[in-house]
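Have a look at the structure below before the remarks.
In what follows, every heavy atom counts, from backbone to side chain, and hydrogens, waters and symmetry copies are set aside.
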Amino acid sequence: MAKVTTDAPVRKAGAPSYEVRSEDIAPLQVLSPEGEVINSERMPKLSDEQLKEIMYRMVFTRTWDDRAVNLGRQGRLGFYAPVSGQEATMVGSEYAITKEDFVCPGYRDMPQLVWHGLPLYQAFLYSRGHQHGGQIPEGVNVLMPQIIIGAQILHATGIAMGFKLKNEKRVAITYTGDGGSSEGDFYEGLNFAGAFKLPAIYFVQNNGYAITTPFAKQTGAQSIAHKALAAGIRGVQVDGMDVLAVIAATQEAAEIARNGGGATLIEGLTYRFRPHSMADDASKYRTKEEEHEWSIKDPLVRFGKYLEKKGLWSEEDTARVKEEAKNTVNEQIKKAEQTEKMTVAGLIDSMFEHTPAHLEEQKSRISIKISRRRESYSMAQMNMKEAIRDAMRVELKRDPSVLLFGEDVGKVGGVFRATEGLQAEFGENRVFDTPLAEAAIGGLAVGLGTQGFRPIAEIQFIGFIFEALDQMFVQAARMRYRSGGRYNAPIVFRTPFGGGVKAAELHTESLEGLAIQTPGMKVIIPSNPYDAKGLLISAIRDNDPVFFMEHLNLYHAFRDEVPEGDYTVPIGKAKVVREGKDVTIIAYGLMVHTAMKAAEELEKNGVHAEVIDLRTLMPLDIDTIVASIQKTNRAIVVQEAQRTAGVAAEVIAQINEKAILHLEAPVLRCAGPDTVYPFAQIEDAWLPTTGRIVKTVNQVLQF
């Protein structure tokens, strides 16, 4: 490795200053921050036209990013991860490969997809929650952005193995951040690449933070590049603010891979100038001094100075590209907005090559009219998020064995601020951030549980629990059984879930059906602030693992009178929230409120519906349900989740076992169709609505 200057922004864990941490892996640098060539030996061979094209792409990307942020504020885009500051790693690495090579991106890597061939309007569609945004055109060798951190690492590994098996001189390149390097998928991907000598490039854009968690809390390694050594592949560190260094490193890695030399892990030391997402406040975890230190390393400024000295670029060129980019973005966002809206029927048709009969039936019955009217609620003392936070505060104060941990739960209080202020109140030994690694979070909780602690482990979003299923649903749930009662797992696994909030893919699934099929795991879904606090306190005190699911649409939906002190709501006890005599509507979570609205509509036609809030799904309070059916003789079950093999199916099975002689009609389900949870644009049509509940009730009444 050629000698580097002290200007290279090598990341020193835990501080905003940077130094070379190892002589064997040092950051490659071609240009100084002033645009001077300091490493001519590694200068990539590029024509003047190619150099100008690279600058064009970087300026275009920065302008697109500026515009996208504004579009998000206007409500014209949904989830968007800003990229300003990381143009050198994104544009440079993609430019260094061929169009025949395959790109496996993370959620922030839209620039690589667009420059690799994805139309820009499809990138906007993806952000707007439209399924077509992820439908890759023929001949464009990319996967859609991966939401589950690290999963794309294994996909790229498999693609690279395919290239090797077919004797194709192609390369798979995949991207993640410094947080993603803590995931098990990352290590497993690198290990496979080393074992099979695969043609892959693993590019880690180390921008110093996994949302709010700093690099120092991700790893104790000298660098991420060093992690390649254990896998038996090359590890390279590069100045990620120097686009020519990025191109040189990536070109070399691609050439080695094509010629059978195996994989390379590239760590690009970079910085995102903007927050993690538009819902993030970077000022809570970054200093102005740190941001300034990185701003003077701006990759556009550095490369621009180099080109200006060569007479290849000017301020007028930058202005021209910015204007072109603005016009293009305006045209492409309009095209995205004019794209035909998705339908639930179309979603169903996309699930299988040949649509199964039960989905055809669901397609014919489901209403696709979207109601945009939101429920209104009276205001009182606490919303659900505040009640959940207060429950944790009560238990952290009462019991020193209670610990709270997860991704970003500490200083900033979680992405939804549900844990805000708790670290300051109880200290970093009780409330702490973890690396971005869900399986490790789950396993840490299991281990701590055996040592007398009561962990509250937050999984940041419901879709991320797949990374932790073994630790949650096998290790924790079976601990009491497998140890013969010697150990237990007094753990609460908290996670937000649920639709109607237009969140990104894999952030809103309803996976409670999977959880209730796990012997040894209790499952709770509250519908209101009072129950949320009381049930969470009960869950924390319980000596068995509890999966506590918090509906995103209820965090701020309404306020309720919630006692400030210590109280509990019993686990395993449902509640009749509305008395009636004609039909029983059984629901939980957000659907309780939809069911109550339906009951009000039914009342207008003389139908008196009784509504039961299950509150706890496992164990199920079948006695309260049976008592209601003995009175009404008819029932429906409402769930947000997919129809088949869920909570509703279990409730109906138990009703048939214990109350069938009291029924005058079959018990029906009102649920989501048996598809993946849809993109945001049609989730309102996918979810059970007041109208669908009323229609289902009328079916049982007319039987």
**OP:** Check the pair Glu168 / Glu100 against side-chain contact (heavy atoms from CB on, under 4.5 Å), numbers first and verdict last.
**Re:** CA-CA 10 Å; Glu168 294 180 354; Glu100 294 301 312; over 6 Å; no
Original post:
What's the verdict on side-chain contact (heavy atoms from CB on, under 4.5 Å) for Phe273 and Gln86, showing C-alpha distance, side-chain angles and the deciding distance?
Top reply: CA-CA 8 Å; Phe273 292 158; Gln86 297 185 208; over 6 Å; no
Original post:
Between Lys310 and Leu51, does a side-chain contact (heavy atoms from CB on, under 4.5 Å) hold up when you go through it step by step?
Top reply: CA-CA 10 Å; Lys310 289 176 65 69; Leu51 292 170; 4.0 Å; yes
Original post:
Would Lys309 and Glu36 satisfy salt bridge (Lys or Arg N to Asp or Glu O under 4.0 Å), going step by step from the backbone distance to the final call?
Top reply: CA-CA 9 Å; Lys309 292 170 184 176; Glu36 300 288 346; 2.7 Å; yes
**OP:** Report the C-alpha distance between Phe215 and Tyr209 in whole Å, list the side-chain angles of each, state the deciding distance to 0.1 Å, and finish with yes or no for ring-ring contact (aromatic ring centres under 6.0 Å, His included).
**Re:** CA-CA 6 Å; Phe215 177 67; Tyr209 294 90; 9.9 Å; no
**OP:** Evaluate side chain to side chain donor-acceptor pair (under 3.5 Å) for Glu291 paired with Tyr271, printing each intermediate quantity in order.
**Re:** CA-CA 9 Å; Glu291 291 178 346; Tyr271 199 77; 4.8 Å; no
**OP:** Applying side-chain contact (heavy atoms from CB on, under 4.5 Å), run through Val415 and Thr212 and close with a yes or a no.
**Re:** CA-CA 9 Å; Val415 293; Thr212 68; over 6 Å; no
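A donor-acceptor pair under 3.5 Å is formed between the side chain of Thr339 and the backbone N or O of Lys335. Using a distance-only test at 3.5 Å, with no hydrogens or angles considered, no donor-acceptor pair links the side chain of Thr176 to the main chain of Val204. Judged purely by atom type and a 3.5 angstrom limit, Thr174 has no side-chain atom pairing as donor or acceptor with the backbone of Ala156. The backbone N or O of Gly413 sits less than 3.5 Å from a side-chain atom of Thr419, completing a donor-acceptor pair. Put simply, the side chain of Thr219 gets close to the backbone of Ala221: a donor and an acceptor are under 3.5 Å apart. With hydrogens and angles ignored, the 3.5 Å screen pairs a side-chain donor or acceptor of Lys164 with a backbone N or O of Phe196.
Applying the side-chain hydrogen bond (donor to acceptor under 3.5 Å, both in side chains) test to every pair with at least one member in residues 130-139, sequence neighbours left out, gives these pairs: Tyr121-His132, Gln131-Ser350, His132-Gln135.
Salt bridge annotation for Asp298-Arg62: present, with a cationic side-chain nitrogen under 4.0 angstrom from a carboxylate oxygen. Salt bridge absent: Lys305 and Glu34 never bring a charged side-chain N and a carboxylate O closer than 4.0 Å. Taking 4.0 Å as the cut-off between side-chain N and carboxylate O, Lys217 and Asp178 do not count as a salt-bridged pair. Between Arg286 and Asp281, no side-chain nitrogen of the basic residue sits less than 4.0 Å from a carboxylate oxygen of the acidic one, so the salt-bridge criterion is not met. Residues Lys322 and Asp66 are not paired through a salt bridge, judged by the lack of any N-O separation under 4.0 Å between the basic side chain and the carboxylate. Looking at Glu252 and Arg234, a side-chain N of the basic residue comes within less than 4.0 Å of a carboxylate O on the acidic one, giving a salt bridge. Between Glu315 and Arg320 there is no salt bridge, since none of the side-chain N atoms of the basic residue sits less than 4.0 Å from a carboxylate O of the acidic one. For the pair Arg57 and Glu87, the salt-bridge criterion is not met [side-chain N within less than 4.0 Å of a carboxylate O]. The residues Asp101 and Arg258 are annotated as salt-bridged, a charged nitrogen and a carboxylate oxygen being separated by less than 4.0 angstrom.
Within the 4.5 Å cutoff, the side chain of Ile441 has heavy atoms near those of the Phe405 side chain. Looking only at side-chain heavy atoms (C-beta outward), Leu190 and Thr157 stay at 4.5 Å or farther from each other. Residues Arg67 and Lys326 fail the side-chain proximity criterion, which asks for heavy atoms closer than 4.5 Å. Put simply, the side chain of Gln460 reaches to within 4.5 Å of the side chain of Asp408, judged on heavy atoms. Using a 4.5 Å cut-off on side-chain heavy atoms (C-beta onward), Ser93 and Ile173 make contact. The closest side-chain heavy-atom distance from Met241 to Asp239 is below 4.5 Å. For the pair Gln237 and Leu269, the minimum side-chain heavy-atom distance is below 4.5 Å. Residues Ile153 and Gln146 are not in side-chain contact: their nearest non-hydrogen atoms beyond the backbone lie 4.5 Å or more apart.
The aromatic rings of Phe79 and Tyr107 sit perpendicular to each other, their planes meeting at more than 60°, with 30° as the lower class boundary. Ring planes of Phe124 and Trp64: perpendicular class, angle over 60° (limits at 30 and 60°).
Checking Gln112 against Asp109 by side-chain atom types alone, a donor-acceptor pair falls below 3.5 Å. Side chain to side chain, Thr250 and Tyr95 fail the donor-acceptor criterion of an N or O pair below 3.5 Å. Judged by distance alone, the side chains of Glu255 and Asn259 do bring a donor and an acceptor atom under 3.5 Å apart. Side-chain atoms of Thr270 and Gln205 include no donor-acceptor pair closer than 3.5 Å. Side chains of Asn39 and Gln29: a donor-acceptor N/O pair is absent below 3.5 angstrom, by distance only. For Trp115 and Thr61, the side-chain atoms include at least one donor-acceptor pair closer than 3.5 Å. Tyr285 and Asp280 form a side-chain donor-acceptor contact under 3.5 Å, judged by distance and modelled atom types alone.
Nearest heavy-atom pair, Trp313 versus Glu308, reported as atom, atom and distance to 0.1 Å: O-CG, 3.3 Å. Of all non-hydrogen atoms in Pro82 and Ser277, the two that sit nearest each other are CD-CA, 3.8 Å. Of all heavy-atom pairs between Pro496 and Phe416, the closest is CG-CE1, 3.8 Å. Between Ser223 and Glu267, the closest heavy-atom pair is CB-OE1, 3.4 Å. For Arg302 against Ser32, the heavy-atom pair with the smallest separation is CG-O, 3.1 Å. What you find for Gly262 and Lys197 is that their closest heavy atoms are CA-CG, 3.7 Å.
Every residue two or more places apart in sequence or in another chain that forms a side chain to side chain contact (heavy atoms under 4.5 Å, CB included) with Ser47 is listed here: Glu49, Gln50. With sequence neighbours left out, the side chain to side chain donor-acceptor pair (under 3.5 Å) criterion links Asn141 to no other residue.
A distance of 5.0 Å separates OG1 in Thr287 from CD in Glu290, rounded to the nearest 0.5 Å. Separation of atoms CG (Asn191) and NZ (Lys227) is listed at 14.5 Å; rounding is to 0.5 Å. Here the CE atom belonging to Met144 is positioned 10.0 Å from the CD atom belonging to Gln122, to the nearest 0.5 angstrom.
With Asp65 as the partner, the salt bridge (Lys or Arg N to Asp or Glu O under 4.0 Å) test is satisfied by one option alone out of Arg274, Arg272, Arg108: Arg274. When each of Val140, Leu143, Ile201, Ile97 is paired with Val103, the side-chain contact (heavy atoms from CB on, under 4.5 Å) condition holds for Ile97 and for no other.
By the 6.0 Å contact criterion, NZ on Lys99 is enclosed, its count of non-hydrogen atoms from other residues, nucleotides or ligands being greater than 12.
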